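Just so it is clear, the values below take in all heavy atoms, side chains as well, and ignore hydrogens, waters and symmetry mates. Each residue takes its place number in the sequence, starting with 1. On a predicted model such as this, the values are computed, not experimentally measured, just so you know.
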Amino acid sequence: MFTLWVYLYNIYLSGVFMATLYDFWRGLDKDERIQFCETTKISYGYMESHLIHGRKKPGMETIQKMVDASNKKLTHKCIFEFFLRKTSVA
């Protein structure tokens, strides 16, 4: 069973299964989250409160920064799909 899990995890990391922004964020430890926010120039609180839950939609420049800072774990497509599936919160 362990071998199967490792295999599936490696497929996931290779990009066959694209992470959502939420999954990507939750997969980072606190220091990695802080580094990601510093690199993308997104405040930690804004990321935690709004972006990973899809409450706010980022602009194209911010999306590009997130793709670049994720080391190819996030793609434009997966970010677009993540936010397009979310409905606006009033």
Side-chain angles (χ1 to χ4, degrees):
M1 183 65 175
F2 178 76
T3 305
L4 176 61
W5 184 87
V6 170
Y7 173 75
L8 292 174
Y9 185 71
N10 284 332
I11 289 173
Y12 172 79
L13 290 178
S14 70
V16 174
F17 299 113
M18 290 294 160
T20 66
L21 178 59
Y22 181 88
D23 295 334
F24 170 77
W25 182 255
R26 290 295 175 219
L28 301 176
D29 65 30
K30 178 83 174 196
D31 290 337
E32 291 171 326
R33 290 178 186 177
I34 291 169
Q35 180 61 47
F36 183 83
C37 287
E38 288 173 355
T39 302
T40 58
K41 296 183 178 23
I42 301 169
S43 77
Y44 189 91
Y46 190 79
M47 190 73 173
E48 274 284 319
S49 299
H50 300 294
L51 292 181
I52 66 162
H53 299 292
R55 293 185 181 106
K56 302 281 184 173
K57 293 176 175 52
M60 290 299 295
E61 186 176 324
T62 301
I63 289 172
Q64 184 63 53
K65 288 178 184 178
M66 292 185 335
V67 169
D68 293 342
S70 74
N71 296 320
K72 299 184 181 180
K73 292 179 183 147
L74 293 172
T75 64
H76 292 92
K77 181 181 178 187
C78 78
I79 293 175
F80 294 149
E81 288 175 353
F82 175 78
F83 286 104
L84 290 175
R85 283 189 300 223
K86 302 292 181 180
T87 57
S88 297
V89 176

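The minimum heavy-atom distance linking Trp25 with Glu48 is given by the pair NE1-OE2, 2.5 Å. In plain terms, the two heavy atoms of Leu51 and Phe82 that are nearest each other are O-CE2, 3.4 Å. In terms of heavy-atom proximity, Lys57 sits nearest to Gly54 at NZ-O, 4.5 Å.
With values rounded to the nearest 0.5 angstrom, Ile42 atom CD1 is found 14.0 Å from Arg33 atom CZ. Atom CZ of Phe80 is separated from atom CG of Leu21 by 12.5 Å, given to the nearest 0.5 angstrom.
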Review point. Arg26 and Ile52: side chain to side chain contact (heavy atoms under 4.5 Å, CB included), yes or no, with the steps?
Key: CA-CA 9 Å; Arg26 290 295 175 219; Ile52 66 162; 3.5 Å; yes

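Evaluation of the salt bridge (Lys or Arg N to Asp or Glu O under 4.0 Å) rule for Glu32 yields no partner, not counting sequence neighbours. Among residues two or more places apart in sequence or in another chain, the ring pair (Phe, Tyr, Trp, His ring centres under 6.0 Å) test is passed with Tyr22 by His53.
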Show me the donor-acceptor pairs, under 3.5 Å and distance only, between side chains in residues 62-70 and residues at least two apart or in other chains.
residue	atom	partner	partner atom	Å
Gln64	OE1	His76	NE2	2.8
Gln64	NE2	Asp68	OD1	2.8
Gln64	NE2	Asp68	OD2	3.4
Ser70	OG	Val67	O	2.9
Ser70	OG	Lys73	N	3.4
Ser70	OG	Leu74	N	3.0

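One N or O on the side chain of Arg55 and one on the backbone of Ser49 form a donor-acceptor pair closer than 3.5 Å.
Residues Cys37 and Tyr46 are not in side-chain contact: their nearest non-hydrogen atoms beyond the backbone lie 4.5 Å or more apart.
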